[in-house]
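Being a predicted model, the structure only gives us computed values, none of them experimental. A, B, ... follow the sequence lines: proteins, then strands. Residue 1 opens every chain.
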Amino acid sequence: MSEILRVERLSKYFSVSRDVFGKSKHFTPAVKDVSFSICRGETLGLVGESGCGKSTLGRMIAGLLSPSGGSIYFEGSVIASAQHVVKAKKPNIQMVFQNPYSSLDPKMTLRGILEEPLKISRYNKEQCSRRIDELLEYIDFNRASLTKRPREFSGGQRQRIAIARAIATNPPFIIADEPVSSLDVSIQAQILNLLLDLRKELDLTYLFISHDLGVVQYISNRVIVMYLGRIVEMADCQTIYKSPQHPYTRLLIDSVPIPDPKHKQAFDLSVTNDLLMPGQLQGCLFKNRCPEKMPVCCEQEPNLVSCGERHLVACHNRCPENNACTIVEI
Amino acid sequence: MASTTNLLEIKDLSIKFTTESGWLTAVDHLNLDIKKGEKLGLVGESGSGKSVTAMTIMGLLGKRRDIAIQGQIMLEGEDLLRMKQDKIEKIRGRKMSMIFQDPVESLNPVFRIGNLVAEAFMVQEKTDKKIAWERAIEQLNKVRIRDPKATARQFPHELSGGMCQRVMIALALVANPPLLIADEPTTDLDVTIQAQILALLKKLHQDLGTSVILITHDLGVVCQFCDRIAVMLNGRIVELATADSLFTNPSHPYTRGLLNSIPVLGKKGRLEPMPSIHNQEARGENICRFVHRCAISTDRCCSAAPGLREVLPNHYVACFSH
Amino acid sequence: MKIIKKLIRQPLSLMGLLIILFWITIAVFAPLIAPPGENQDPYMMIRHSYSTVPTAPSEGIPFGTTEGGYDIFYGIVWGSRTAMIVGLTVVTLASLLGVLIGGIGAYAGGTVDYVTMRVVDLFMSIPFLIAVIVMTVVLGKGLDKIILALVVFSWPDYARVIRSEVLLVKKQEYVLASRLMGGSHLRVFLTHTLPNSIHPMIVLVSVNFGKIILIVAAMSFIGIGTEPGYADWGQILNFARNWISGIPGEPFKYWYTYLYPSLAIFSFVLGWTFLGDSIRDIMDG
């Protein structure tokens with residue numbers, strides 16, 4: 001499998017406050033030193049709770065935000081580096097957004113929505129109409145819907161339209177940012193299956209962003225777990241669910257309620273402080289909630305190290321002699 | 001369970017809204033009992049009428065011309081629907097309370113947390129300010145808020161969503177009401193925080209003996225939290241059973257469809273979503289609610305509405321195939 | 001189209017629509033209703049005499065004349081054209097200017113937005129009426145000068161409204177999606193951002209239409225508007241200034257000099273305000 005996208009030490013800082021002259025004074029990292037790569041045909045799941053930087057990461061890769069540091073390579077060439085986004089010649093990376101109600105222009109008809117990417121990519125009239133027919137077939141719509149506007153469709157239908165628009169110009173890479181989290185469960189399954197079918201049929205590569213571990217497990221080959229802007233664990237899908245190494249990953253997995261009465265879960269009643277104060281940024285960011293906290297966790301930030309085949313984790317406990325471990329360079 | 005008495009009895013409840021295209025039945029001849037000290041789950045997708053039912057129990061819909069409510073809601077022998085508005089307001093908080101999906105929006109942003117809770121004590125117990133403040137801090141301690149004295153001096157926007165939901169629970173339980181309705185209390189929260197809130201609700205339920213109606217779309221949450229579960233579809237209950245029985249023997253095709261639609265951690269295999277038909281939802285009087293999406297529907301399902309029947313002990317299903 | 005249907009269903013907006021329609025008809029058929037004399041500028045009121053006293057309505061002069069012998073009926077009819085022309089030009093030009101400056105500023109964001117908004121602040125901090133009066137006095141009499149002055153000082157209103165809309169719309173995901181497809185900023189701005197943020201402008205335009213006419217009338221009334229004799233409602237009122245109190249014993253002797261032009265202005269402004277308010281209600285609900 002060849003590599004399609006590679007991210008190197010990518011960071012994004014947002015300014016929190018500005019001084020009188022409008023210059024940024026404080027920076028908080030939304031994403032910090034994130035590196036990984038995705039192979040063609042693979043689906044990489046990006047899991048984490050709200051505020052972990054997963055959406056920011058997705059938008060940087062899409063080119064909607066410029067990184068503060070690091071670089072992104074697509075098919076070997078740089079598409080974004082510090083403070084700079086290279087203007088793409090072809091729309092290679094497309095996105096499916098979370099909210100199907102705000103991702104379609106309410107003033108446009110279905111035809112207009114599907115035509116837009118084609119027109120921008122200079123399809124002629126005949127090519128346009130042929131492609132629209134194909135797209136309608138992918139998402140199982142009939143031609144009569146072409147004159148309808150977004151408000152006449154249900155949430156699930158809109159998300160199908162958004163997917164059709166994303167694949168319109170045959171991009172090889174799709175970023176799906178929480179594409180099913182605002183849908184009812186029965187619709188969720190339809191959309192997930194549609195994404196799976198399209199991946200097979202069109203040889204797509206997905207970056208699938210979600211907070212729902214069940215959904216990510218269903219669709220992904222490999223999973224990255226993020227916590228407060230850092231990657232804390234990265235492994236194959238099976239590995240991460242069977243033997244999670246980072247305490248945060250374990251907490252996440254144990255917190256998901258399972259619809260199985262034989263598997264009674266006893267949720268921990270202890271309260272954790274989920275907000276980090278500005279002074280607590282050194283050391284491991286998970287230290288306040290970690291059941292296995294060691295003195296070193298407050299002083300030194302753990303590196304992402306290998307702890308098995310294609311399995312990386314950033315935890316001092318998994319690698320007691322920190323220096324003996326090989327720090328993996330991707 | 002026969003020995004326990006019913007706290008709340010919903011009898012033949014129908015709720016209709018006027019829309020531009022006529023009356024829309026949101027809840028259709030609903031019958032449901034909640035026993036004392038029970039944790040009941042109300043599961044369904046959007047538009048199933050689960051939240052409307054909760055709002056009606058709480059008397060939050062009020063008397064409006066565009067809403068028609070029929071039936072009875074008996075709370076400890078009194079019919080809430082025949083009660084005057086000012087009396088319902090007195091009962092609210094004392095006998096029943098509710099927490100909502102968005103805790104940050106539900107708290108008045110201009111008051112300190114302590115004042116919000118103390119105010120509730122002053123109204124419910126007619127205590128003076130100082131005692132109320134002390135009681136408020138006790139109450140915050142009860143919902144496991146760390147350092148309640150410091151938190152009491154903070155404003156809602158300074159707390160995380162999970163903390164705000166704890167404050168909402170503290171507020172709801174000020175007068176130890178026998179009934180607590182939780183409408184999607186953890187939907188907006190992160191999964192690790194959701195687990196904490198569910199654990200807290202479970203603990204409070206154990207300590208105080210409060211009956212809880214948990215409304216959610218998440219089958220995992222009801223399975224882990226509730227004793228008994230009612231599955232709702234387009235305003236009707238299609239299956240009602242104990243949690244164990246429902247998940248081991250899901251009997252209504254809709255329940256089975258739901259269970260086949262959710263990706264469960266640790267399980268493999270392709271999801272089998274139900275077909276969805278949006279433009280012609282079955283909402284008529286004499287028709288099964290699931291008929292258009294059902295794989296095993298017959299002609300009979302189009303001409304009569306199946307009622308709930310006991311197919312296993314304490315397991316009721318509204319489907320002709322049983 | 002739905003909006004028009006709803007407008008017709010509401011009594012208040014229907015009344016507004018009917019009033020405006022009435023005035024449009026008058027304006028369009030002005031040459032038939034009150035034919036101008038030969039070799040006469042139709043926008044100058046017909047003069048029946050040079051009398052210093054107004055004359056009461058009589059045959060051929062249905063509304064009477066003002067001091068100086070100007071025909072009031074003719075003035076009202078042709079004045080409706082003046083009102084329409086002034087209102088239409090001012091709101092069109094001002095809203096266009098406002099949408100361009102405010103919209104582009106908001107879409108571009110950052111420094112561009114900052115600068116445009118400070119310019120808007122600057123204009124907004126000058127008292128509107130005084131600024132317009134001073135500018136007209138400097139430029140001299142004439143309709144074109146009034147229009148220019150009104151446009152210059154009323155566009156910031158539109159810029160502010162469109163800005164807040166564009167700021168909301170540009171964060172919508174369909175705008176981001178369009179950028180991802182490779183759409184240029186101009187394309188995204190014209191096809192997505194603008195059409196979705198233009199709504200509140202319609203309300204503003206309708207309400208401002210009436211307001212503009214009030215201001216023009218006020219200016220003509222104090223004598224700094226159109227040149228003397230120009231068919232303009234404010235101008236007729238100006239001629240009535242000395243006759244409003246009547247004569248001792250007969251306070252309403254010269255009622256026709258102020259009643260007709262007042263009614264014209266009143267109904268015209270009311271019509272536009274009703275319409276604007278109804279559109280706002282429909283959009284909010």
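- In terms of heavy-atom pairs under 4.5 angstrom with chain A, the leader among Arg270(B), Lys203(B), Met274(B) is Arg270(B).
- A salt bridge is absent between Glu239(B) and Arg256(B): the closest approach of a Lys/Arg side-chain nitrogen to an acidic carboxylate oxygen does not fall below 4.0 angstrom.
- Listed options His263(A), Gln217(A), Lys242(A) were ranked by heavy-atom pairs under 4.5 angstrom with chain B; first place goes to Gln217(A).
- Leu198(B) touches chain A through its side chain: at least one heavy atom from C-beta onward sits under 4.5 Å away, while N, CA, C and O do not.
- Between Leu213(A) and Tyr241(A), the closest side-chain pair of non-hydrogen atoms falls below 4.5 Å.
- Interface remark: Asp260(A) contributes backbone atoms only to the contact with chain B (heavy atom separation under 4.5 Å).
- For Leu192(A), the part lying under 4.5 angstrom from a heavy atom of chain B is the side chain only.
- No side-chain donor from either of Arg158(A) and Ser103(A) sits under 3.5 Å from a side-chain acceptor of the other.
- Proximity to chain A (any heavy atom under 4.5 Å) is restricted, for Gln194(B), to the side chain, taken from C-beta onward.
- If you tally non-hydrogen atom pairs under 4.5 Å between each of Pro273(B), Ala243(B), Ala199(B) and chain A, the highest count goes to Pro273(B).
- Under the 3.5 Å distance criterion, with hydrogens and angles disregarded, a donor-acceptor pair is assigned to the side chains of Glu49(A) and Thr192(B).
- A 4.5 Å side-chain heavy-atom check between Phe290(B) and Asn234(B) finds every atom pair outside the cut-off.
- Counting only N and O atoms by type, the side chains of Gln98(A) and Ser181(A) include a donor and acceptor under 3.5 Å apart.
- Contacts of Leu219(B) with chain A are made by both backbone and side-chain atoms, with heavy-atom separations under 4.5 Å.
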